[in-house]
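For reference, the structure is listed below as structure tokens.
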Amino acid sequence: MTLSADKLNLRSPYQLAQINDMTFSFVTDKQIHYNVGFYKDTYFMDDGAYHFFIDNSEHEHGSYDPKILDVVTVILEEFFNQEPTVMLYICDPTDKRQTARDRLYHLWFYDYARNHEMTLFSDSVTFKNTKYYAGILLRHDHPLHDMILAYYQDFLKHVPELFTPRNK
């Protein structure tokens, strides 16, 4: 799967620079740098599932910027115009801000799902006193819709493992 910055930039409020097939960078009006995109899932499904991420690696916090949601929406629309795909997200707990991320993602993705005939399911799991938040977004007409939601329930139980170093 490939998304095109040229195509996305026709509607994006911020200029997107393509990093790879599914990752872009942009700079906000407040000069905050973001990377946003998807990476192929290797745990949840054999094919067709991708994890969404948005990263502000400089950890700068600006005031609320509605254009960021507009960028995300443009990217999601192009993503879901591809073959039947599934989007997963996991709120990174390493800096203890996962609850705030979950609230923001849920707000963004709930509105998107409601306006685009999508299914959004999000939940959390607690492991060793850390709460992990995750969600899934897929089209109502995805050919494997019900099966994917059933698999997601099992996947959610394993989310903490994705942040726990494996014993070698």
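Sequence positions, counted from 1, serve as the residue numbers for this chain. Since the model is a prediction, treat every value here as computed from it, not as a measurement.
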Candidate pair Leu120 and Arg114, rule side-chain contact (heavy atoms from CB on, under 4.5 Å), full reasoning: CA-CA 9 Å; Leu120 170 66; Arg114 186 172 39 109; over 6 Å; no
Steps toward side-chain contact (heavy atoms from CB on, under 4.5 Å) verdict (Arg97, Leu104): CA-CA 11 Å; Arg97 295 181 44 102; Leu104 179 63; over 6 Å; no
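Ring geometry for His140 against His145 counts as tilted: the plane angle lies between 30° and 60°, on a 0 to 90° scale. Using the six-membered ring where Trp is involved, Tyr152 and Phe155 have ring planes that are tilted, between 30° and 60° apart.
Under 4.0 Å is where a charged nitrogen must lie from a carboxylate oxygen, and between Asp70 and Lys67 no such pair does. Ionic pairing of Lys40 and Asp21 is not present here: no N-O contact between side-chain nitrogen and carboxylate oxygen is shorter than 4.0 angstrom. Between Arg139 and Asp141, at least one side-chain N (NZ, or NE/NH1/NH2) sits under 4.0 Å from a carboxylate O, which counts as a salt bridge.
Less than 6.0 angstrom separates the ring centroid of Phe52 from the ring centroid of Phe109.
Hydrophobic clustering (side-chain heavy atoms under 4.5 Å, transitive across Ile, Leu, Val, Met, Phe, Trp, Tyr) groups Val86 together with Met147. Grouping the Ile, Leu, Val, Met, Phe, Trp and Tyr side chains by contacts below 4.5 angstrom, directly or via other members, places Met87 apart from Tyr133. No continuous path of ILVMFWY side-chain contacts below 4.5 Å connects Ile75 to Tyr39, so the two sit in separate hydrophobic clusters. Criterion: ILVMFWY side-chain heavy atoms under 4.5 Å apart, direct or through other members. Under it, Phe127 and Tyr43 are part of a common hydrophobic cluster.
The closest side-chain donor-acceptor pair between Asp65 and Tyr34, if any, does not fall under 3.5 angstrom. Tyr14 and Thr28 share no donor-acceptor pair across their side chains, judged by distance under 3.5 Å alone. Checked by atom type, the side-chain pair Asp6/Ser4 shows no donor-acceptor distance below 3.5 Å.
Atom CG of Leu138 and atom CE of Met118 lie 6.5 Å apart (nearest 0.5 Å). The distance from the OG atom of Ser122 to the CG atom of Leu137 is 10.5 Å, given to the nearest 0.5 Å. For the atom pair NE2 (His51) and CD1 (Ile136), the distance works out to 9.5 Å, reported to the nearest 0.5 Å. Note: Leu16 CG to Asn9 CG = 4.5 Å, rounded to the nearest 0.5 Å. If you take CG on Leu69 and CG on Leu107, they are separated by 7.5 Å, rounding to the nearest 0.5 Å. Between atom SG of residue Cys91 and atom CZ of residue Arg103 there is a gap of 10.5 Å, rounded to the nearest 0.5 Å.
Checking Phe79, Phe80, Phe44, Tyr89 one by one against Tyr50, the ring-ring contact (aromatic ring centres under 6.0 Å, His included) holds for a single residue, Phe79.
Residues Asn20 and Gln18 approach most closely at O-NE2, 3.0 Å, considering heavy atoms. Contact detail for Ile54 and Ile68: the closest heavy-atom pair is CD1-CG2, 3.9 Å. Taking all atoms of both residues into account, the shortest heavy-atom contact from Gln98 to Asp92 is CB-O, 3.7 Å. Of all heavy-atom pairs between Glu78 and Leu3, the closest is CG-CD2, 3.6 Å. Scanning both residues, Met22 and Phe24, for their nearest heavy atoms gives C-CE1, 4.0 Å.
One N or O on the side chain of His116 and one on the backbone of Tyr112 form a donor-acceptor pair closer than 3.5 Å.
No more than 12 heavy atoms of other residues, nucleotides or ligands lie within 6.0 Å of CG in Asp47, so this atom counts as exposed by the packing criterion. Summarising the local packing, CZ of Phe121 is surrounded by more than 12 heavy atoms from other residues, nucleotides or ligands at distances under 6.0 Å.
The closest side-chain heavy-atom distance from His142 to Leu149 is not below 4.5 Å. Inter-residue side-chain proximity for Ile90 and Tyr132 is flagged as unmet; no heavy-atom pair is nearer than 4.5 Å. Two residues are said to be in side-chain contact when any heavy atoms from C-beta on lie closer than 4.5 Å; Trp108 and Leu76 fail this criterion.
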